[in-house]
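Since the structure comes first, as structure tokens, the remarks are kept for the end.
Numbering of residues begins at 1 and proceeds along the displayed sequence. Atom set for the values below is all heavy atoms of this structure, side chains included, hydrogens, waters and symmetry mates excluded.
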Amino acid sequence: MKRTSVSFLAAAGLVGVLALTGCGQAGTGDSTTADGRTKLTMWTHSAGNPAELAVYQQIISDFNASQDKYDVVEESFPQGAYNDAVVAAAASGDLPCLLDLDGPIMPNWAWAGYLQPLGIDTKITDALLPTAVGKWDGQIYSAGYWDAALSIFARKSVLEKNGIRIPTVDKPWTKDEFGAVLATLKAAGYDTPIDIGAEDKGEWWPYAYSPFLQSFGGDLIDRSTMLTADGALNGSDAVAWGTWFQNLFKDGYANANGTVGNQEFVDNKVALSYTGVWNALASVDAVGDDLAILPPPDLGTGPKIGGGSWQWAISKGCNDADGARKYLEFSFQDKYITQFADQQIVIPATDSAAQASKYFNDKGVLRPFVELSQKFAVLRPETPAYAVISTTFETAAKDIMNGADVKSSLDQAVSEIDANISSNDGYGFKK
């Protein structure tokens, strides 16, 4: 995931209707070109990301030139409008054969009948980071070329000046140590010691902050059944997380009124920045060798970060799924994965692509993100209910940030999530 707000609301609101009416069938893949090739329409959310789109266009050009049976035709959308476009196309039976999707929404769309199992060579998916492979109901439905990771940025000189230990992957800051770090930095003159991005909205909230909840020992849902959030999101560990989260703002350690991005850290207005790999290269350019890319703190059960980014899927009604699979198998060459990584600064999904990367190889300046992803990444819950979990958690966490009673806020979130699961007959999960 990149730190650009993504809304799952449209998918959550319409999915029940689509499932009941049997919509979500694709109509593309049945037209041909003048020279007799089968057209495969491909949708991507990358209209606002020229670096990403350029790699897709190169892959498509190379694939189309490599054979004479299929012709992949790309259509790009702005990310903010993309989910709405997919849901509308599903309702009218007009999905493309190939579509990208943000990993956490995949189970919702698979359950609703938008997608079919991916079915590409397992040698490809076996080589990918686990967080770059999307599974639903025991089958692979999506796969991606990259993942993203969060870390804490710091200046080594600031930490050393204030007698603060530089944490490592093997020895991260503990909860108490992290609290002492924030207090020390505030006393050193930083009005707001850490930027955690609370001014952002949408999917950033569960992506960034549910790993803190999980590090405390709570979670967004009981993953053993996927049938309830009770106990996971409102139990004692979750309440401890909510109290800690609220106190970050109450004690003046974090601010809800900053600016989206990493500029406050670059300008040394904050000492620490909880941010993602997509901001790392600009920080390297600004801070140089003084930049430290640190793991998140261990708040009780080990450090956690969010995993799962944009991936590719095949629509259920694609009438030439074999052609779509041939394109995807072609596209997962390491050279393309490395291009994605180096041109848009994301973590390559294969180790061999990472080794070929300018930034993510063993000696690359951004190598720490590969290690963070491998060791600490946790997927958001692989359930169709995630569309509701995401927005419900955001609301509860924002209420907590703004001073609401922690237990009451979490109980309300659990009530809403469980009601959605119950109204959809458990989304297929059974006790």
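- For the pair Arg367 (side chain) and Phe360 (backbone), a donor-acceptor distance under 3.5 Å is present.
- Looking at Gln246, its side chain does come within 3.5 Å of a backbone N or O of Ile400 through a donor-acceptor pair.
- Across every non-hydrogen atom of Ile293 and Val365, the tightest pair is CD1-O, 3.9 Å.
- In this structure, Leu291 and Ala280 approach most closely via the heavy-atom pair CD2-O, 4.3 Å.
- For Trp43 and Phe77, the ring centers sit closer than 6.0 Å to each other.
- When side chains are defined from C-beta on, Pro211 does not count as touching Phe376, because their heavy atoms never get closer than 4.5 Å.
- Across every non-hydrogen atom of Pro348 and Ala341, the tightest pair is CG-CB, 3.4 Å.
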Test log, rule side chain to side chain donor-acceptor pair (under 3.5 Å), inputs Asp399 and Ser409: CA-CA 7 Å; Asp399 287 346; Ser409 299; 5.0 Å; no
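- For the pair Leu272 and Tyr253, the minimum side-chain heavy-atom distance is 4.5 Å or more.
- The backbone N or O of Leu118 lies less than 3.5 Å from a partner atom in the side chain of Arg325, making a donor-acceptor pair.
- Ser373 approaches Thr131 most closely through the heavy-atom pair OG-OG1, 4.3 Å.
- Distance CD/Glu329 to OG1/Thr125: 9.5 Å, rounded to 0.5 Å.
- If you check the side chains of Tyr82 and Asp100, you find a donor sitting under 3.5 Å from an acceptor.
- One distance of note links OG of Ser390 with CG of Asn108; it measures 11.0 Å at 0.5 Å rounding.
- Residues Pro296 and Leu150 have side chains not in contact (no heavy-atom distance under 4.5 Å, counting atoms from C-beta outward).
- A distance of 6.0 Å separates CD1 of Ile389 from CG of Leu220, quoted to the nearest 0.5 Å.
- Of all the heavy atoms in Phe153 and Asn279, the pair that sits closest is CE2-O, 3.9 Å.
- Using a 30° and 60° split on the angle between ring planes, Phe340 and Trp146 fall in the tilted class, from 30° to 60°.
- By the 30° and 60° cut-offs, the orientation of the rings of Phe332 relative to Tyr145 is tilted.
- For the atom pair CD1 of Ile337 and OG of Ser357, the computed distance is 11.5 Å after rounding to the nearest 0.5 Å.
- Heavy atoms of other residues, nucleotides or ligands lying less than 6.0 angstrom from CG of Asp289 number 12 at most.
- Within 6.0 Å of NZ in Lys304 there are more than 12 heavy atoms belonging to other residues, nucleotides or ligands.
- Remark: side-chain polar atoms of Asn64 are paired, donor with acceptor, to backbone N or O of Val72 under 3.5 angstrom.
- Between Phe265 atom CZ and Tyr274 atom OH the span is 15.5 Å, to the nearest 0.5 Å.
- Lys398 has a carboxylate O that lies under 4.0 Å from a charged side-chain N of Glu394, or vice versa, which qualifies the two as a salt bridge.
- For the residue pair Thr259 / Glu199, no side-chain donor-acceptor distance below 3.5 Å is found, with atom types taken as modelled.
- A side-chain donor-acceptor contact under 3.5 Å links Asp362 and Gln355.
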Derivation and outcome, side chain to side chain contact (heavy atoms under 4.5 Å, CB included), residues Trp312 and Thr44: CA-CA 9 Å; Trp312 282 91; Thr44 171; 3.9 Å; yes
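- In this structure, Glu74 contributes its side chain and Ser76 its backbone to a donor-acceptor pair below 3.5 Å.
- Screening residues 212-233 for salt bridge (Lys or Arg N to Asp or Glu O under 4.0 Å) gives Asp219-Arg223 as the qualifying pairs, with residues at least two apart or on separate chains.
- Side-chain contact check for Leu328 versus Ile314: some heavy-atom pair is nearer than 4.5 Å.
- Asp425 contributes no side-chain N or O that, together with a main-chain N or O of Tyr427, makes up a donor-acceptor pair within less than 3.5 Å.
- Using cut-offs of 30° and 60° on the angle between ring planes, the pair Tyr209 and Trp204 is perpendicular.
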Chi angles and distances behind the side chain to side chain contact (heavy atoms under 4.5 Å, CB included) call for Leu95, Val86: CA-CA 7 Å; Leu95 282 171; Val86 171; 3.8 Å; yes
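- The main-chain N or O of Asn49 is never found under 3.5 Å from a side-chain atom of Ser46 such that the two would form a donor-acceptor pair.
- A 4.5 Å side-chain heavy-atom check between Thr338 and Lys335 finds every atom pair outside the cut-off.
- When atom types are taken as modelled, the side chain of Gln67 and the backbone of Lys69 share a donor-acceptor pair closer than 3.5 angstrom.
- Judged as a salt bridge (Lys or Arg N to Asp or Glu O under 4.0 Å), not a single pair has a partner in residues 103-130 (not counting sequence neighbours).
- Side-chain contact annotation: Asn420 with Glu416, donor-acceptor N/O pair under 3.5 Å absent.
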Derivation and outcome, ring-ring contact (aromatic ring centres under 6.0 Å, His included), residues Phe393 and Trp241: CA-CA 13 Å; Phe393 176 81; Trp241 160 78; 5.6 Å; yes
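- Val266 and Ser283 make their closest contact through CG2-OG, 4.3 Å (heavy atoms, listed as atom of the first residue, atom of the second, distance).
- Formation of a donor-acceptor pair under 3.5 Å by the Arg380 side chain with backbone atoms of Gly307 is found in this model.
- Of the N and O atoms on the side chains of Asp35 and Thr33, at least one donor lies less than 3.5 Å from an acceptor on the other residue.
- In this structure, Tyr70 has its ring center no closer than 6.0 Å to that of Tyr327.
- Ser352 and Asp334 share a side-chain donor-acceptor pair at under 3.5 Å.
- Within the 4.5 Å cutoff, the side chain of Ile421 has heavy atoms near those of the Ile221 side chain.
- Atom CD1 of Ile347 sits about 8.5 Å away from atom CD of Gln374, to the nearest 0.5 Å.
- In this structure, Trp244 and Phe178 have tilted ring planes: the angle between them lies in the 30° to 60° band.
- A centroid separation of 6.0 Å or more is found between the aromatic rings of Phe216 and Phe245.
- Between Glu75 and Pro96, the closest side-chain pair of non-hydrogen atoms is not below 4.5 Å.
- Judged by distance alone, the side chain of Thr383 and the main-chain N or O of Tyr386 form no donor-acceptor pair under 3.5 Å.
- There is no side-chain donor-acceptor pair under 3.5 Å between Thr275 and Asp195.
- Not less than 6.0 angstrom separates the ring centroid of Tyr56 from the ring centroid of Trp310.
- Among Trp109, Trp111, Phe429, Tyr114, the single residue meeting the ring-ring contact (aromatic ring centres under 6.0 Å, His included) criterion with Trp136 is Phe429.
- Between Phe369 and Ile305 the shortest side-chain heavy-atom distance does not fall below 4.5 Å.
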Working for side chain to side chain contact (heavy atoms under 4.5 Å, CB included), residues Ser309 and Asp147: CA-CA 5 Å; Ser309 191; Asp147 202 356; 3.7 Å; yes
